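Structure first, then comments.
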Amino acid sequence: MKIISWNVNGIRAIIKKEFFESINVLDPDVLCIQETKAQDIEVEKALLPLKDHHLYCNSAEKKGYSGTAILSKYKPIAVSFDMAVSEHDSEGRIICAEYADFYLINVYVPNSGQQLDRLPYRHQWDADFLNYLKEKEKIKPVVVCGDFNVAHRAIDLKNDKSNYNKTAGYTQIEIDGMDNFITSGFVDSFRYFNPDEVAYTYWSYRFKARERNNGWRIDYFLVSNSLMSKVKSSKILPEFFGSDHCPILLEIAL
């Protein structure tokens, strides 16, 4: 199974930027999208050309904000939304698709804000999301993918020292949150295969950041340790454009 995860930074915007051509080349069995910035009916309309896929959307109550979607060639056993924690469940950030061998969870983790004003909320969100994942893992292994809005280590962003504890996505609280996912038994699959590779998944639209490769690795596939023997590859695909993020790929043998 080939799984692609991509923060598209607005589904209605990216479909005007050779998105369908990119998906045709990528040819995923499952496509996990974050930051649709659209309501369910708008996502469905935008993605009509992919009518051969089963589509599941989770939109934020606030229009034009957040939102996730999964497109799957294979109909999942079941699909659920959110984590059943009321303070987190209005922003369309989680979709869980159950397959025979694992749960696939698509997530768009909250950003801590330009002034770090949402950092306390983010801290609680990470803790509650980890609890949610561990509950799922009691039933079957988990693959969780998406925009986690954190660079885990210095290797994962261009300017680590100038951003540390000053910029959303690289505070110690957020780093600790990712540490907790890893120490609880989830494997950062890209780092598993590429321990020393400098590679990014997000570049600001400002200051020619992508042209200069001044980026961050904030998009991940985290995989239950018990499932890693079936993972064949985990890659970052910066050659695909259309968003300030590039797609990432996981290949898993079933």
Side-chain angles (χ1 to χ4, degrees), residues 1-7 28 30-34 68 83 93-96 101-112 122-123 125-137 140-160 163-164 167-203 213 215-238 245-253:
M1 181 184 279
K2 182 196 288 187
I3 307 169
I4 293 287
S5 174
W6 198 351
N7 179 320
V30 187
L31 173 62
C32 294
I33 295 172
Q34 304 90 43
T68 48
M83 63 169 105
R93 294 186 177 275
I94 299 169
I95 305 177
C96 175
D101 296 319
F102 60 92
Y103 288 109
L104 175 61
I105 296 170
N106 180 22
V107 66
Y108 177 42
V109 173
N111 187 292
S112 296
R122 166 63 183 271
H123 177 61
W125 200 98
D126 279 349
D128 291 339
F129 186 55
L130 179 55
N131 288 338
Y132 164 81
L133 295 180
K134 296 307 285 186
E135 285 300 310
K136 291 291 186 188
E137 204 176 38
K140 62 176 68 175
V142 167
V143 174
V144 54
C145 66
D147 178 357
F148 279 75
N149 263 315
V150 59
H152 188 209
R153 295 286 181 254
I155 192 176
D156 295 319
L157 73 164
K158 183 75 169 185
N159 300 308
D160 60 296
N163 284 293
Y164 180 65
T167 306
Y170 198 57
T171 65
Q172 192 59 52
I173 286 173
E174 293 161 316
I175 293 165
D176 289 347
M178 181 56 78
D179 281 340
N180 290 337
F181 290 119
I182 303 302
T183 58
S184 73
F186 291 100
V187 177
D188 177 351
S189 60
F190 179 79
R191 276 286 162 249
Y192 177 86
F193 289 105
N194 311 279
D196 303 312
E197 183 177 342
V198 174
Y200 307 127
T201 65
Y202 162 80
W203 303 262
N213 201 27
W216 299 57
R217 187 176 75 99
I218 58 176
D219 302 84
Y220 299 80
F221 276 100
L222 302 185
V223 180
S224 292
N225 190 55
S226 62
L227 197 61
M228 277 304 296
S229 62
K230 293 186 176 182
V231 175
K232 299 306 177 187
S233 68
S234 184
K235 298 177 181 178
I236 292 170
L237 306 172
H245 295 246
C246 72
I248 58 174
L249 162 71
L250 189 84
E251 291 183 293
I252 187 165

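FYI, side chains are in, hydrogens and waters are out, and symmetry mates aren't considered; it's all heavy atoms of this structure. All values derive from a computational prediction rather than experimental measurement.
The structure places CG of Asp126 at 8.0 Å from CG of Asn180, a figure rounded to the nearest 0.5 Å.
Remark: side-chain polar atoms of Glu137 are not paired, donor with acceptor, to backbone N or O of Val142 under 3.5 angstrom. Of the possible donor and acceptor atoms, none in the side chain of Glu135 sits under 3.5 Å from a partner among the backbone N and O of Asn131. Without hydrogens or angle criteria, Thr201 side chain to His245 main chain gives no donor-acceptor distance under 3.5 Å.
For Phe193, the CZ atom is densely surrounded, since the number of other residues' heavy atoms within 6.0 Å is greater than 12. More than 12 non-hydrogen atoms from other residues, nucleotides or ligands lie less than 6.0 angstrom from NZ of Lys134.
By the 4.5 Å heavy-atom criterion applied to side chains, Leu250 and Ser189 are counted as neighbours. At least one side-chain heavy atom of Val144 sits under 4.5 Å from a side-chain heavy atom of Phe129. In this structure the side chain of Ser5 never reaches within 4.5 angstrom of the side chain of Tyr220, judged on heavy atoms. Considering only heavy atoms from C-beta on, Tyr164 comes within 4.5 Å of Ile175 through its side chain.
Between Asp188 and Arg153 there is no salt bridge, since none of the side-chain N atoms of the basic residue sits less than 4.0 Å from a carboxylate O of the acidic one.
Nearest heavy-atom pair across Val150 and Arg122 is CB-NH2, 3.7 Å.
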